[in-house]
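Quick notes on the structure that follows.
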Amino acid sequence: MELTPVKVGLLGMGTVGGGTVTVLSRNASEIARRAGRGIQVVQAAVRDLSRARGSDSEGIALTSDPFAVVDNPEVDVVVELIGGYDLARELVLKAIANGKHVVTANKALIAVHGNEIFAAAQKRGVTVAFEAAVAGGIPIIKAVREGLAANRIEWLAGIINGTGNFILTEMRDNGSDFADVLAEAQRLGYAEADPTFDVEGIDAAHKLTILASIAFGVPLQFDKVYTEGITQISRDDVHYAEQFGYRIKHLGIARRTEQGIELRVHPTLIPERRLIANVDGVMNAVLVKGDAVGPTLYYGAGAGAEPTASAVVADLVDVARTLTTDPENRVPHLAFQPDTLSDLPILPMASVETAYYLRMSAADRPGVLADVTRILGERNISIEAMLQKEPAAGESNVPIIMLTQRVLERQMNEALERIEALPAVSGSVMRIRLESLSSD
Ligand code: NDP
Ligand code: HSE
């Protein structure tokens, strides 16, 4: 007996919503063969009803009232692609209360309100699927939640913001200006509505929050992520890093230690021989180390209409397949059964250990370098490599660049405070964390 199509209500038909409609239309028969029934978009909410929509959206009833979609009795699944925190939360909770399954690409929503949303969904026996919320088209949620279910995940590190990686790549390869590349990322539909979320690491912190929960079985704790953006990275830093054999990438890192969990987003030097150091443009990659499988790497487009739609539609297919499944026997939202989440502490940044790249501007006279190395040595901070440039014509200061061995951030903070107080050192010391990302 042929099943009736699953009826979908879209909230938003912008970059991702538009891509979702296109993919569902173009691959309709293939998708129906996988899902066991058709998937049909019946209604969509948009802000501007007068804007022209693609020909694939013919037959979809448009409304400017998103609550009309979540209250529509014909709709089985609500796909939230509006973005943001408050309205999206209200709509998703209403959809759940109405007994509808939800698919969302909204990482801000899941990272900040996910605990509340999943509890409501669990109670109502509906699914909230969010594959598109992390790393665009890469099926990383499914990989960590299901494919690696046998493992104790030790750490993960990822390039999880396409816009930021696009900017860093263009700056390195073409010497492009930060603002110009950001404008291009916005034009291509990669950037968030507020692009400071991309360049200041907030978007990556949302995604890291989600990844850490499904990797370690802890509640979503966005407020505990240490977050640093890419706006302070200069072309000089990119260039010096290359001279030492490193690339600078904006990484999200989550690591389980004996004391607790590290959760941090910051620019990071990575050895250029690592595959992840060669992930360029809008591409994302996530490296996950499990105790049984060892290191695994997941790579693909991190943003954009159809790559993200690929993940949204995969969630829709999952929902269609599970419509007849007993709610108690579905895959848990955060990978671990809700009553078994652990209260492992998230570590403050001062307790995190990494290696460092340091760049400072110092007077070109005897004894300055000895003062700097003494301050580092007093705190057992070993220097791994060092580069001192000739002063530029007419300049009395020289750039000194150092790579250090691993040390607690607390000790490095103390050392930097002392170095910056030296009369011969001008301004603040640029510090970028360095990770070898080796398999241990
Ligand atoms: P867009 O800005 O392109 O689209 C937003 C859509 O929501 C538009 O159709 C807009 O209407 C509609 N909308 C906004 N506010 C309202 C409202 N109050 N009532 C009704 N409709 C409304 O965003 P994206 O498609 O880029 O992003 C959507 C979500 O997907 C976000 O959470 C984002 O973080 C996430 N995401 C985005 C990716 C990307 O590559 N862009 C990748 C992965 C996730 P109108 O069309 O009339 O303006
Ligand atoms: N703004 C996000 C990015 C979209 O650039 O990665 C994908 O989540």
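Position 1 is the first residue of the sequence; numbering continues from there. Just follow the structure's listing: the first ligand is 1, and inside any ligand the first atom is 1.
No side-chain donor-acceptor contact under 3.5 Å links Tyr356 and Gln405. For the residue pair Tyr240/Glu242, the side-chain donor-acceptor check at 3.5 Å is not satisfied. For Thr104 and Asn106, the side-chain atoms include no donor-acceptor pair closer than 3.5 Å.
The salt bridge (Lys or Arg N to Asp or Glu O under 4.0 Å) pairs that include a residue from residues 261-277 are Arg255-Glu262, Glu262-Arg264, Arg264-Glu435, where partners are two or more places apart or lie in different chains.
Taking all atoms of both residues into account, the shortest heavy-atom contact from Ile276 to Ala285 is CD1-O, 3.9 Å.
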Once you restrict both partners to nitrogen or oxygen, which atoms of ligand 2 have a protein partner under 3.5 Å, and how far apart are they?
residue, atom, partner, partner atom, Å
ligand 2, 1 (N), Tyr190, O, 2.7
ligand 2, 1 (N), Glu192, OE2, 2.7
ligand 2, 1 (N), Asp198, OD1, 2.7
ligand 2, 5 (O), Gly162, N, 3.4
ligand 2, 5 (O), Thr163, N, 2.9
ligand 2, 5 (O), Thr163, OG1, 2.6
ligand 2, 5 (O), Tyr190, O, 3.1
ligand 2, 5 (O), Asp198, OD1, 3.4
ligand 2, 6 (O), Asn161, ND2, 3.4
ligand 2, 6 (O), Gly162, N, 2.7
ligand 2, 6 (O), Lys207, NZ, 3.1
ligand 2, 8 (O), Lys107, NZ, 2.5
ligand 2, 8 (O), Lys207, NZ, 2.8

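Side-chain contact between Lys107 and Asp203: present, with at least one pair of heavy atoms (C-beta onward) separated by less than 4.5 Å.
Under a 3.5 Å cut-off, the side chain of Lys100 and the backbone N or O of Val126 do not form any donor-acceptor pair.
The residues lining ligand 1, counting any heavy atom closer than 4.0 Å, are Gly12, Met13, Gly14, Thr15, Val16, Ala45, Val46, Arg47, Asp48, Arg51, Arg53, Pro66, Leu81, Ile82, Gly83, Leu87, Ala105, Asn106, Lys107, Ala132, Gly189, Glu192, Ala303, Gly304, Thr308.
Every residue meeting the ring-ring contact (aromatic ring centres under 6.0 Å, His included) condition with Phe118, not counting sequence neighbours, appears here in chain and number order: Phe130, His333.
The environment of CD in Glu146 is crowded: more than 12 heavy-atom neighbours from other residues, nucleotides or ligands sit within 6.0 Å.
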